[in-house]
Amino acid sequence: MTERTWINVTTLGDLVDQRAAAHPDREAVVFPNARSTYADLAARTDQVAKSLLALGVGPGDRVGYFLHESIDTATTLLGIAKTGAIAAPINSRFKPFELKQVITHCGMKVIVTASPGQGTDFAGLILETFPEITRSEGTRVRLDEAPELEAVVVLEDESPAGTFDRAAWEALADGVTDEALRHRQSAVRVRDTAVIMYTSGTTAMPKGAMLSHEAFLRFSSSTVDDRKAITDGNRVWTALPLFHIGGVAFITTTLYAGGTFVHTGFFDPKVAAAQIRDEPCEVALPGFETIWMPVLGAADEGDLDALRVLLLVGVEERLRQAAAATPQATLIGCFGQTEACAFLSLSELDDPLERRILTDGLPMPGMECEVHDPETGERLDAPAEGELWYRGPQAFDGYFRDPELTASVFDERGFFRTGDVVRMFEDGSILFVSRVKDMLKVGGENVSAAEVEGYLLTHPAVAMAQVVAAPDARYVEVPAAFVMLKPDTEATEQEIIDYCRGQIATYRIPRYVRFVSEYPMSGTKVKKYVLREMMAKELADKGITEAPKILSD
């Protein structure tokens, strides 16, 4: 008889307090410069919640945080949850244009930020975006451009005019009793929105996915109780930022397991490898090959020996490299989306290696998945390849303040049209192929950008590759590759094209190759629309309307 996994859901705020009651002295979160036990985490999140209540934050109000990864970030996220307000993480890569978009669209009532000694001056960027903050009377903000914003908290000893400094922020909590906080906390419902995650799609404007307390707890339960990727007391390492769904979902999952969440803070591959060794960590969630491959390259012998589970998304070649580099750890294939509250599917620990590499595993418990024809919407029977649709307890509840977009992406049964192309196998497991809008149409032939990228990575000099569509008078569009080379290697455009000849279909071969040292990024995702625009502008400026022919054209 299969072991039964029980549905076990609470609110994020109560989860913190439950674990503090059970494991008060166990470490809950660890960052390079600070660590906190469960008892300390519960007390810190109480302070954040009380300070918010003192500012008049109510259920459903949005509270943003614009911070680097630290204990302050973790306590702010979880403290917001205790009040019934909604946490709105702000991408730390945002600049004033994006900040204004997200802060005003979300209607943030309070923003918590900082001016750290290293890295981005987050508070400075907020003031650059809204300079009139410093002209506010006292510490209450009144802005024409952001009329719902009432307070800005700067977690430093001194803060600019118009904002709360750390001491003033923490002192606010003194005016709120424990009883008042518990009364508010007890009114939070598991179906209430806990977090609005602004996620980039194929357009330049982020959209806010609303995720409930239940979505996070069901994801946590599935990962821990069903797939057993994390077990009681595990130390879980990640470098995913706490504005990213992976960072937020896995701090809650680690707390659910009663484990210790270990984060690199500012990402440095050498520091990360040493941290995995010194903590030591049994589970690693790099999530993306762009994070993990540099860690593997920087690790000294023995740094990664404690790992038993590695959760990684990537092309087959990179997954095989990662599995070979840490043979004592079980590499788990996975597929995720912000709208699915992180992983939609996850391999089993006892799956054979080939299955864990060549599929992204079965959908999480309760998540129903279907494959549809991207053109007609017709449902396809497995095995099949097409657009993924899903519904279930981990799914988001729509896009904030965008009812038209929300209505357009859900069908009448509540299935979300993802815009992702997957292969679904007969047993129900899935494998991510590409974005629907990341599919090129070259002279009538469908081309998966991800598949071309996977082949380019087999070139000995290629470290990373991103393939996008370039406009073409003959074929409508053709592949263009933006390639990042490995250190101390060289390659030419013609060499990369020649490497593809005879190895992949002619219509899949990149007609243009451009070499880059970095990609335009949104968190952990490459902004492919920017690459497409760069390529189109270059061709237009040069008057090129038709790509060079490839052999048998």
Side-chain angles (χ1 to χ4, degrees), residues 1-6 218-232 234 236-238 246 249-250 253-254 256-257 259 281-289 291-293 296 304-337 340-371 382-385 388 390 392-394 418 420-434 450-451 454:
M1 182 176 178
T2 304
E3 182 182 352
R4 181 81 179 272
T5 299
W6 302 106
R218 293 290 286 265
F219 168 76
S220 300
S221 172
S222 295
T223 304
V224 175
D225 300 329
D226 185 84
R227 303 299 157 89
K228 303 189 187 313
I230 301 175
T231 55
D232 180 43
N234 276 166
V236 180
W237 175 90
T238 192
F250 261 82
T253 302
T254 305
Y256 179 89
C281 297
E282 298 99 335
V283 180
L285 175 70
F288 301 92
E289 60 186 55
I291 293 174
W292 191 240
M293 300 314 289
L296 288 180
L304 309 178
D305 286 355
L307 291 180
R308 70 166 188 87
V309 174
L310 172 65
L311 297 114
L312 187 62
V313 175
V315 297
E316 179 183 344
E317 293 81 2
R318 286 288 184 262
L319 294 180
R320 291 192 186 280
Q321 290 175 24
T326 54
Q328 83 288 353
T330 301
L331 183 146
I332 298 182
C334 45
F335 166 63
Q337 279 195 330
C341 199
F343 297 151
L344 174 65
S345 66
L346 194 62
S347 297
E348 305 275 359
L349 282 171
D350 57 0
D351 283 341
L353 176 62
E354 289 301 298
R355 179 178 169 83
R356 288 184 274 113
I357 286 178
L358 297 177
T359 83
D360 295 324
L362 290 166
M364 301 295 250
M367 300 302 289
E368 301 174 69
C369 294
E370 299 177 349
V371 172
E385 181 173 308
L388 173 67
Y390 63 76
Q394 284 180 212
T418 66
D420 282 337
V421 175
V422 301
R423 293 192 190 108
M424 179 174 283
F425 302 95
E426 289 181 337
D427 65 353
S429 61
I430 59 177
L431 175 67
F432 174 75
V433 175
S434 183
E451 290 181 355

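Everything numeric here is computed off the predicted structure, so don't read it as measured data.
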Self-check item: side-chain contact (heavy atoms from CB on, under 4.5 Å) assessment of L431 paired with E385
Solution: CA-CA 9 Å; L431 175 67; E385 181 173 308; over 6 Å; no

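- At least one side-chain heavy atom of D225 sits less than 4.5 Å from a side-chain heavy atom of Y256.
- Two residues are said to be in side-chain contact when any heavy atoms from C-beta on lie closer than 4.5 Å; T253 and V224 meet this criterion.
- Side-chain atoms of N234 never come within 3.5 Å of backbone atoms of V236 as a donor-acceptor pair (strictly under, hydrogens ignored).
- The closest side-chain heavy-atom distance from V313 to F432 is not below 4.5 Å.
- The two residues P327 and A324 have their closest heavy-atom pair at CD-O, 3.4 Å.
- Here the side chains of I230 and S220 are not in contact, with every heavy-atom distance at 4.5 Å or above.
- Put simply, the side chain of T418 gets close to the backbone of L388: a donor and an acceptor are under 3.5 Å apart.
- When atom types are taken as modelled, the side chain of T359 and the backbone of R355 share a donor-acceptor pair closer than 3.5 angstrom.
- Expressed to the nearest 0.5 Å, how far CG of L310 lies from SG of C281 amounts to 12.5 Å.
- When all heavy atoms of Q394 and C341 are compared, the pair lying nearest together is O-CB, 3.5 Å.
- Residues C369 and P363 share a closest heavy-atom pair of SG-CG, 3.7 Å.
- In this structure, G428 and L362 approach most closely via the heavy-atom pair C-CD2, 3.7 Å.
- Two rings, from F219 and F250, have their centers less than 6.0 Å apart.
- Remark: of the listed residues L312, L346, D360, L346 is the sole one forming a side chain to side chain contact (heavy atoms under 4.5 Å, CB included) with C334.
- Shortest non-hydrogen contact noted between L307 and A284 is CD2-CB, 3.7 Å.
- Here the CD atom belonging to E316 is positioned 7.0 Å from the CD atom belonging to E354, to the nearest 0.5 angstrom.
- With contacts defined as side-chain heavy-atom distances shorter than 4.5 Å, the pair R218/P365 does not qualify.
- Taking CD from Q337 and CG from L344, the interatomic distance works out to 7.0 Å, rounded to the nearest 0.5 Å.
- Residues D420 and F335 have side chains in contact (heavy-atom distance under 4.5 Å, counting atoms from C-beta outward).
- Inter-residue side-chain proximity for R308 and T231 is flagged as met; some heavy-atom pair is nearer than 4.5 Å.
- Nearest approach of V309 to I332, heavy atoms of both residues: CG1-CD1, 3.6 Å.
- Residues E370 and M424 fail the side-chain proximity criterion, which asks for heavy atoms closer than 4.5 Å.
- The CZ atom of R423 lies 12.0 Å from the OG atom of S429; values are rounded to the nearest 0.5 Å.
- Of the possible polar contacts, one joining the R356 side chain to the L331 backbone as a donor-acceptor pair under 3.5 Å is found.
- One finds the CD1 atom of I291 at 12.5 Å from the CG atom of L296 (value rounded to the nearest 0.5 Å).
- With sequence neighbours excluded, the residues satisfying ring pair (Phe, Tyr, Trp, His ring centres under 6.0 Å) with Y390 are F416.
- A donor-acceptor contact shorter than 3.5 Å links the side chain of Q328 to the backbone of L304.
- Between the side chains of D226 and S222, no donor N or O sits under 3.5 Å from an acceptor N or O.
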